[in-house]
Amino acid sequence: MLQYTYYGHACFLLNDGQHKVLADPFLTGNPMAAIKQEEVACDYILISHAHGDHLGDAPAIAKRTGATIIAIPEVIGVCEEAAPGIKSHGMNLGGSVKLPFGKVRMTLALHSSGVAGGIACGFVIQMGGRTVYFAGDTALFHDMKLIGRKDSIDYALLPIGDNYTMGLEDAVLAAQWLNTGHVIPIHYNPWPVIEQDVERYKEVTEDSTRAVVHIVQPGETIALE
Ligand code: NI
Ligand code: MN
């Protein structure tokens, strides 16, 4: 059974009972943070790009826990500068890697990277019998259809806050193009500029796609059934 815990904004933890995979751990300074960076436990940390609201506390958490950071090499460089000696695994777009908990594929994202030479990405994570697509920060792009065709997506974690990423309408189309069974909205509400009507998003998505939308509160854990 794969469990999903939401820590607020774009930060979440996947736990298959044996392994813990954390993503985009922006906790210090995050008004929605449901846990302190000193308290997070994890084995791996996925980072979608180097903006502060994603890379966040990753270097400190990797140093304290011994977790391995998985990211684009330029983003790993930022982490190593902040916390020399941390464990890391560099990847790039289109590449896959098998890991003790399953498999990770690094996908396109349409967004700036936050570090010179870097590029923003998303991840398709196969873990605990589920396929989870974490879109990172991104605009809508047509190749989401390819992502959905290559990997049958069970759960898509999609930004819906608008301004910096997809907004409501584009995130509905993303759910449709990915042909995902479930959507968990992320990256909305910590600040007024990305406030979003998540109930409306759920309503429109469920009316116009096959996806069920799960609104998960910071601090809440759900089973990805
Ligand atoms: Ni960003
Ligand atoms: Mn962001």
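Throughout, residue positions are numbered sequentially from 1 according to the sequence presented. Every number for a ligand or one of its atoms is a count from 1 in the order of the listing. Small disclaimer: the values here were computed from a predicted structure and weren't measured.
Metal site remark for the Ni ion (ligand 1): His49 contributes an N, O or S atom at a distance under 2.8 Å. For His49, every N, O or S atom stays at 2.8 Å or more from the Mn ion (ligand 2). The Ni ion (ligand 1) has Asp137 among its coordinating residues (N/O/S atom, backbone or side chain, under 2.8 Å). For residue His54, an N/O/S atom approaches the Mn ion (ligand 2) to within less than 2.8 Å.
No donor-acceptor pair closer than 3.5 Å links the side chain of Glu195 to the backbone N or O of Asn189. In this structure, Lys87 contributes its side chain and Gly66 its backbone to a donor-acceptor pair below 3.5 Å. No donor-acceptor pair closer than 3.5 Å links the side chain of Arg105 to the backbone N or O of Gly122. A donor-acceptor pair is defined here as one N or O able to donate and one able to accept, closer than 3.5 Å; no such pair exists between the side chain of Tyr7 and the backbone of Lys36.
Asp53 contributes OD2 as its N, O or S atom closest to the Mn ion (ligand 2). Looking at Asp137 and the Mn ion (ligand 2) together, the shortest N, O or S contact belongs to OD2.
Here Phe101 and Tyr44 bring their ring centres to under 6.0 angstrom of each other.
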>> Before you tell me yes or no, could you show the steps for Glu203 and Arg200 under salt bridge (charged side-chain N to carboxylate O under 4.0 Å, His left out), namely the whole-Å CA-CA distance, both residues' side-chain angles and the distance that decides it to 0.1 Å?
In response: CA-CA 5 Å; Glu203 191 184 314; Arg200 175 88 184 130; 3.2 Å; yes
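Between His111 atom NE2 and His51 atom ND1, the angle centred on the Ni ion (ligand 1) amounts to 90° (nearest 10°).
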